[in-house]
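Reviewing the structure listed below.
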Amino acid sequence: NLGLVFLAANETLYYNIPRWFPVFVLTRDVIIVLAAYAIHRLKGTVQVQPSLMGKFTTVVQMGTLVAVLLQWPVVMYFMWATVILTFTSGMGYLRAGIQQARAGGNA
């Protein structure tokens, strides 16, 4: 994810990554960490389980990095796929966190 920050900050690349893009991606990660911390503080335990959607999101994020660095003409497709998958996986983690909090930390 920090690679996306560096790409957005680098204005000399062939494809300019908008500054909101890494903020969006990193916001999902921050929310996941804060939610896990909150569940741990409230329930005493938290079980973090990576999802298949989360793993696929990471693959597409890395694809975005590669596409920018190799100047592939499909950069925008990768970027928008990353946005959609980041949102979708974030909602999945949020749903799982809410279920875990309701179940006393054992979801």
Side-chain angles (χ1 to χ4, degrees):
N1 291 346
L2 284 179
L4 297 174
V5 173
F6 289 120
L7 291 181
N10 187 340
E11 296 177 359
T12 63
L13 294 171
Y14 186 75
Y15 291 105
N16 290 324
I17 299 298
R19 297 203 193 282
W20 62 263
F21 181 67
V23 171
F24 182 81
V25 172
L26 289 172
T27 298
R28 178 199 78 145
D29 295 341
V30 169
I31 290 170
I32 291 169
V33 169
L34 290 176
Y37 177 75
I39 292 169
H40 175 72
R41 294 290 293 166
L42 293 172
K43 302 296 181 177
T45 184
V46 64
Q47 294 178 351
V48 179
Q49 298 177 351
S51 71
L52 186 59
M53 181 63 73
K55 291 184 180 293
F56 188 57
T57 299
T58 301
V59 168
V60 175
Q61 287 174 357
M62 295 305 108
T64 302
L65 285 170
V66 170
V68 170
L69 293 174
L70 296 180
Q71 300 180 7
W72 290 347
V74 294
V75 167
M76 286 300 141
Y77 295 113
F78 270 97
M79 191 180 84
W80 286 108
T82 298
V83 168
I84 292 165
L85 291 170
T86 298
F87 179 79
T88 303
S89 65
M91 290 296 104
Y93 284 123
L94 183 61
R95 185 183 71 242
I98 290 168
Q99 289 173 349
Q100 192 171 145
R102 287 182 179 160
N106 295 320

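- Considering only heavy atoms from C-beta on, V75 stays 4.5 Å or farther from W80 through its side chain.
- Annotation for L52: atom CG does not count as buried by contact number, only 12 or fewer foreign heavy atoms lying within 6.0 Å.
- To the nearest 0.5 Å, atom OG of residue S89 and atom CG of residue D29 are 8.5 Å apart.
- Using a 4.5 Å cut-off between side-chain heavy atoms of Ile, Leu, Val, Met, Phe, Trp and Tyr, with links allowed through other members, V5 and F21 fall into different hydrophobic clusters.
- Taken from CD1 in I39 to CD in Q100, the straight-line distance is 5.0 Å, to the nearest 0.5 Å.
- Remark: L7 CG to L69 CG distance equals 5.5 Å, nearest 0.5 Å.
- Under the 4.5 Å side-chain criterion, counting only non-hydrogen atoms from C-beta, F87 is in contact with F24.
- Residues T86 and T57 have side chains that never bring a donor and an acceptor to within less than 3.5 angstrom of each other.
- S51 and Y93 make their closest contact through N-OH, 3.0 Å (heavy atoms, listed as atom of the first residue, atom of the second, distance).
- One hydrophobic cluster, built from ILVMFWY side chains closer than 4.5 Å, holds both L13 and M76.
- Cluster annotation: L65 and L26 are assigned to distinct hydrophobic clusters (Ile/Leu/Val/Met/Phe/Trp/Tyr, side-chain heavy-atom contacts under 4.5 Å, transitive).
- Here the shortest heavy-atom pairing between K43 and A101 reads CE-O, 2.8 Å.
- For the atom pair M91 CE and R28 CZ, the distance stands at 10.5 Å (nearest 0.5 Å).
- For M53, the CE atom sits in a loose shell: 12 or fewer heavy atoms of surrounding residues, nucleotides or ligands are nearer than 6.0 Å.
- Note: T88 OG1 to I84 CD1 = 7.0 Å, rounded to the nearest 0.5 Å.
- Atoms OH and CE, on Y15 and M79 in that order, are 12.0 Å from each other to the nearest 0.5 Å.
- Within the 4.5 Å cutoff, no side-chain heavy atoms of I17 are placed close to those of L4.
- Using a 4.5 Å heavy-atom cutoff, the side chains of T27 and V30 are not in contact.
- I98 and L42 end up in different hydrophobic clusters when Ile, Leu, Val, Met, Phe, Trp and Tyr side chains are linked at under 4.5 Å.
- With hydrophobic clusters built from ILVMFWY side chains whose heavy atoms lie under 4.5 angstrom apart, V74 shares a cluster with V66.
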